[in-house]
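First comes the structure, then the notes that go with it.
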Amino acid sequence: MDEEAGVSLKFVVVGAGLAGLAAAYTLARAGHHVLVLEHFEEHIRSLGCVGASPSMTRILIQWGLKENIERLFQSCDKCQFFDATTGSSLGALSLHLMAEIKSEGSAGFMIAPHYDLVDMFLELGTRAGVQYRFGVDATGLDPQTDNVLLSTGEVISADVIIAGDGSHSVFRQYVEEDRFSDDEDLASLIPPKFAHVMAPISIEDIRKDKDLDTLCELNSWDYWLGDGYICHCSFSNHGKNGLIAIVVPYEGEAKPEHAEWTFCTDYKAYGVDLSKLEQRLRKLFQTANFFYGKIYENRPLETIHAISQKVILVGEAAHSILPGSYHYPALAFEDAQTLGSLFSKIQKKDQISKFLASYEEIRQPRLKFVYESEMAYRIRLTSPDETIRRHRNELLRRLSEYNMNSSSADEEVLMEGWGTDFEIMSYDTNEQVTDWWRKYGISIVGTSQDACGEKELKIGVATQVAAQFVDSD
Ligand SMILES: Cc1cc2nc3c(=O)[nH]c(=O)nc-3n(C[C@H](O)[C@H](O)[C@H](O)COP(=O)(O)OP(=O)(O)OC[C@H]3O[C@@H](n4cnc5c(N)ncnc54)[C@H](O)[C@@H]3O)c2cc1C
């Protein structure tokens, strides 16, 4: 049986992106009233693909969505690396090393169509009782009541506000923005702003061109590495949707319209110079009729819990990791699962602030670890420094060799190439929250029975409704 909270709270979730939708779903399943406020008139329909890394597919399986994964996602078996200016191959890494992670309850690394995921969670949320209001803009907190203030002046009351309003969240102003990374040398090497430009591409167009035909494989996530920039290409929906993207440092002024994905036809507006790219990569961008771009500011947060005690940040509102990383969506699902499972244990309203503090305590070390590892990884992949670049090429070459013969793998090389990525992907949110609750739950709810009863902490609160969803497909 699903575990439900002892008290039903009113949650207002701002933003119907993946983070907001997943959080809304698990909170509704934990027995809470949930209202989602979304700025767009209707839900977002993007043509992009989402990298569903193992920590994310593990959560979806725990929520009973295995069949949906099999139907909508496609498995990604390798990563190919190319030099962005010469086009030469730097290596192809098989993800067969994923077998161990798969054996621990995840579906491995997969690629999902962004809009199918959004559709799926809207539908699941509706079935779980989530209510939605589209076309409303939250501007922050009402100064009198600390509730959600809309641009129309309307105030929406809430026991808890979940800010899932993306990288330019209007709720970031309420949390302490401060130094986040202890590794300042590393942080100083990362530019303060990035442009992320994505262009939908069609597999038919690619197949028509003999230069490109052999380049893009459906089950591969491909990277082109340049000096300070990175391009990636992937397909989902078994080739129906494809995406080519570039992430470059951005030196211009970040305008308000840059805060969300904006359709555009001029790459230069985002500081992207296609002429420096190898010919095939240029062609790939040119097969797209339009693209959409967004400016990211690299502003990690010291805390993700607002001083008002009522606001918590999830998804990109909370994580300032680097655009183009395939860990973004997984972190959003981990946030949701942590929230849903914690708030399925709440007994009384006056425990809210302790539960929010617990959320922060569980999530922040994880976010910090992923952020720092992503910074190091990005520097290693895109540094113009000749020594770093030579070392990178040699590492990719040796890792590629192990594809052929993994029994000859050098542990040190494997750890350098995959070590932190494997740690990130092996993360089991359920296990983390359960362990945390066993240790500290009693200090929050007061009685040992409530904190450490016979029942496991139920991360799978969503399982029942998910099963209904699958049955009715
Ligand atoms: C249109 C779109 C397309 C995307 N395509 C891809 C893709 O192809 N591949 C990929 O890996 N990732 C993609 N992403 C990003 C991906 O969704 C995120 O990386 C991750 O899933 C976590 O997102 P999020 O929910 O935290 O933020 P977002 O996905 O940015 O969602 C934030 C939501 O909050 C809404 N919002 C913002 N401000 C307000 C406000 N003031 N009031 C009310 N609502 C507000 C936004 O309209 C948006 O719907 C896309 C995001 C968007 C918005």
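As the structure lists them, so they are numbered: ligands from 1, and atoms in each ligand from 1.
Close contacts between ligand 1 and D165 involve ligand atoms 32 (C), 34 (O), 36 (N), 37 (C), 38 (N), 39 (C), 45 (C) [criterion: under 4.0 Å to a heavy atom]. The distance from ligand 1 to the heavy atoms of G315 drops below 4.0 Å at these ligand atoms: 26 (O). Within ligand 1, the atoms closer than 4.0 Å to a non-hydrogen atom of D137 are 40 (C), 41 (N), 42 (N), numbered from 1 in the order shown. If you number the atoms of ligand 1 from 1 as listed, the ones under 4.0 Å from a heavy atom of G166 come out as 27 (O), 30 (O), 32 (C). If you number the atoms of ligand 1 from 1 as listed, the ones under 4.0 Å from a heavy atom of F40 come out as 47 (O). Numbered from 1 in the order shown, with element, the atoms of ligand 1 that lie under 4.0 Å from a heavy atom of V14 read 42 (N), 43 (C). Listed by number with element, the atoms of ligand 1 under 4.0 angstrom from any heavy atom of G164 are 32 (C), 33 (C), 34 (O).
Counting only distance, with no hydrogens or angles, the side chain of Y292 and the backbone of P200 share no donor-acceptor pair below 3.5 Å. A donor-acceptor contact shorter than 3.5 Å links the side chain of S8 to the backbone of G31.
Residue F73 forms a side-chain contact (heavy atoms from CB on, under 4.5 Å) with just one option from L60, V50, L65, and that option is L60. Under the side-chain contact (heavy atoms from CB on, under 4.5 Å) test applied with H32, the options V130, I346, D159 reduce to a single match, I346.
Heavy atoms of C49 found under 4.0 angstrom from ligand 1 belong exclusively to the backbone. Contacts between V136 and ligand 1 below 4.0 angstrom, taking non-hydrogen atoms only, involve the backbone exclusively. At a heavy-atom cutoff of 4.0 Å, ligand 1 is contacted by the side chain of M198 but not by its backbone.
Using a 4.0 Å cut-off between a side-chain N of Lys or Arg and a carboxylate O of Asp or Glu, D273 and K276 do not qualify as a salt bridge. The pair K283-E278 fails the salt-bridge criterion, with no side-chain N (NZ, NE, NH1 or NH2) lying under 4.0 Å from an Asp/Glu carboxylate O.
Taking only nitrogen or oxygen atoms, main chain and side chain alike, Y292 does not reach within less than 3.5 Å of ligand 1. Residue A138 has at least one nitrogen or oxygen atom sitting less than 3.5 Å from a nitrogen or oxygen atom of ligand 1, judged on distance alone. Note: no N/O pair closer than 3.5 Å links Y328 and ligand 1 by distance alone. Close N/O approach between L18 and ligand 1 is found [any backbone or side-chain N/O within under 3.5 Å]. Of the N or O atoms in G51, none lie within a sub-3.5 Å distance of an N or O in ligand 1. Residue-to-ligand polar distances keep W261 apart from ligand 1: every N/O pair is separated by 3.5 Å or more. Residue H114 has at least one nitrogen or oxygen atom sitting less than 3.5 Å from a nitrogen or oxygen atom of ligand 1, judged on distance alone.
Using a 30° and 60° split on the angle between ring planes, H196 and H232 fall in the tilted class, from 30° to 60°. Taking the six-membered ring where the residue is Trp, Y296 and H168 present tilted rings, their angle falling between 30° and 60°.
When the shell of 6.0 Å around CD of Q286 is examined, it contains more than 12 heavy atoms from other residues, nucleotides or ligands.
Between the CG atom in L122 and the OH atom in Y25 there is a gap of 13.0 Å [rounded to 0.5 Å].
Side-chain contact check for D421 and Y326: at least one donor-acceptor pair (N or O, by modelled atom type) lies under 3.5 Å.
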